[in-house]
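Residue indices begin at 1 and follow the sequence shown.
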Amino acid sequence: QDNSDDPNGYMLVVNASIAAGLFYEQQIDGLCENTLYEFSADIINLLNTTNPNIKPNVSFLIDGTESFSTGDIPENGNWNTYGFTFTTTPGQTSVVLALQNNAPGGQGNDLAIDNINFRACGPQTVILPEEDVNICADGAPLDLNANLIGTEYDSPAIQWQQSFDGGITWEDIPGANDFTFTHSELISGGYYYRYILANGNTNLSNEKCRVVSSSKIVNVVPNLFMTVDTICDGLT
């Protein structure tokens, strides 16, 4: 099974060749300089035996240079997440990512790769209050606060967003760039919010340079409920 909850999910299955070589290579453009990024992948050793098999060993390359190595991947039947972080240099807006086989071919060196990730890194993003929020339809507006845990960004910029389809798609809220956003809509229903964060306003407009908070649902509870029942003629 691939490393997801999708019963029809995909993964890359590799019977590695005798000579070392690349499993994967991709160029990523439009990056932001001086930004922390993570490059990671899930890898599993397809063999699960006690025989002395060759164990897969994979390198993560940035622009053709090895930046991280998994070491020997154990025959434990488990998906293992490997990866590392790096910071783009001044003026750098493009990288070439690659995964390379280091182990020799032969008996063993059979593996699968899934969930190759490349993403910007930043502070941990939390929306306060952390607990579920329920307010009454005749209540007061509610303040949501963006709480950043970490010092990765020296000039954080923020944009609050709202979803009108249960968190599937998101739209920027015009002018909502402060660390506190006030929910003022008191019509009953569920309201979905989140914010995007980047190191500076310029980076905020580039989806490859920003991080996204978890979503927060504000439930506005109606103060009037209607109930309908049936009674037979002559009864109370």
Side-chain angles (χ1 to χ4, degrees), residues 1-9 32 35-38 40 42 79 81 114-115 117-236:
Q1 174 67 33
D2 74 301
N3 195 25
S4 76
D5 296 328
D6 185 350
N8 299 310
C32 292
T35 299
L36 184 68
Y37 288 95
E38 179 192 56
S40 65
D42 296 338
W79 283 97
T81 299
D114 200 1
N115 302 324
N117 283 305
F118 180 74
R119 59 184 178 181
C121 295
Q124 181 181 349
T125 53
V126 179
I127 299 178
L128 301 178
E130 292 192 66
E131 65 274 5
D132 293 337
V133 178
N134 297 291
I135 60 176
C136 295
D138 59 353
L142 174 74
D143 284 344
L144 300 176
N145 296 292
N147 184 35
L148 310 185
I149 303 173
T151 58
E152 289 83 357
Y153 292 166
D154 54 12
S155 56
I158 193 170
Q159 171 66 63
W160 288 90
Q161 296 182 322
Q162 186 172 5
S163 174
F164 299 95
D165 54 12
I168 299 174
T169 60
W170 295 88
E171 299 178 12
D172 290 350
I173 301 174
N177 303 109
D178 296 327
F179 280 79
T180 297
F181 173 77
T182 301
H183 170 83
S184 56
E185 181 59 72
L186 297 179
I187 298 175
S188 62
Y191 298 83
Y192 287 72
Y193 295 104
R194 73 177 190 184
Y195 61 88
I196 56 177
L197 179 75
N199 195 19
N201 288 315
T202 301
N203 292 350
L204 192 62
S205 61
N206 188 337
E207 63 180 12
K208 297 178 181 177
C209 308
R210 63 196 191 196
V211 296
V212 181
S213 76
S214 57
S215 59
K216 169 70 66 178
I217 305 175
V218 177
N219 294 304
V220 179
V221 182
N223 54 15
L224 175 65
F225 292 88
M226 179 178 293
T227 180
V228 179
D229 208 339
T230 301
I231 186 171
C232 295
D233 187 24
L235 299 180
T236 60

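Listed by first and then second residue, the ring-ring contact (aromatic ring centres under 6.0 Å, His included) pairs that reach into residues 120-161 are W160-F181, W160-Y195, sequence neighbours excluded. Among residues at least two apart or in separate chains, there is no salt bridge (Lys or Arg N to Asp or Glu O under 4.0 Å) pair with a member in residues 152-178. Evaluation of the side-chain hydrogen bond (donor to acceptor under 3.5 Å, both in side chains) test over residues 219-236, restricted to residues two or more places apart or in two chains, returns N134-N219, D138-N223. Residue pairs that meet the salt bridge (Lys or Arg N to Asp or Glu O under 4.0 Å) test with at least one member in residues 117-131, sequence neighbours left out, are E38-R119.
The backbone N or O of D6 sits less than 3.5 Å from a side-chain atom of Q1, completing a donor-acceptor pair.
Taken to the nearest 0.5 Å, the OH atom of Y193 stands 12.5 Å off from the CD atom of Q161. Here the OH atom belonging to Y37 is positioned 9.5 Å from the SG atom belonging to C121, to the nearest 0.5 angstrom. With values rounded to the nearest 0.5 angstrom, T81 atom OG1 is found 6.5 Å from N3 atom CG. Rounded to the nearest 0.5 Å, atoms CD (Q159) and CD1 (I173) are 7.5 Å apart. Rounded to the nearest 0.5 angstrom, E185 CD and I135 CD1 are separated by 9.5 Å.
Looking at I187 and P222, their side chains never come closer than 4.5 Å, going by heavy atoms from C-beta outward. Between D132 and I217, every side-chain heavy-atom pair lies at or beyond the 4.5 Å cut-off. Contact of the V126 side chain with the S213 side chain is not registered, since no non-hydrogen atoms from C-beta on lie closer than 4.5 Å. In this structure the side chain of L148 never reaches within 4.5 angstrom of the side chain of I158, judged on heavy atoms. A 4.5 Å side-chain heavy-atom check between V133 and K216 finds at least one atom pair inside the cut-off.
Closest of all the heavy-atom pairs between A198 and C209 is CB-O, 3.7 Å. Residue C32 comes nearest to N203 through the heavy atom pair SG-OD1, 3.2 Å, listed as atom of the first residue, atom of the second, then distance. When all heavy atoms of Y192 and G167 are compared, the pair lying nearest together is CD2-N, 4.0 Å. The two residues S184 and P141 come nearest to each other via the heavy atoms CA-CB, 4.1 Å. Across all non-hydrogen atoms, the minimal contact from V211 to T125 is CG2-CG2, 4.2 Å. Residue N201 comes nearest to A157 through the heavy atom pair OD1-CB, 3.3 Å, listed as atom of the first residue, atom of the second, then distance.
Under the ring-ring contact (aromatic ring centres under 6.0 Å, His included) criterion, Y191 pairs with H183, sequence neighbours left out. Under the side-chain hydrogen bond (donor to acceptor under 3.5 Å, both in side chains) criterion, N115 pairs with D42, not counting sequence neighbours.
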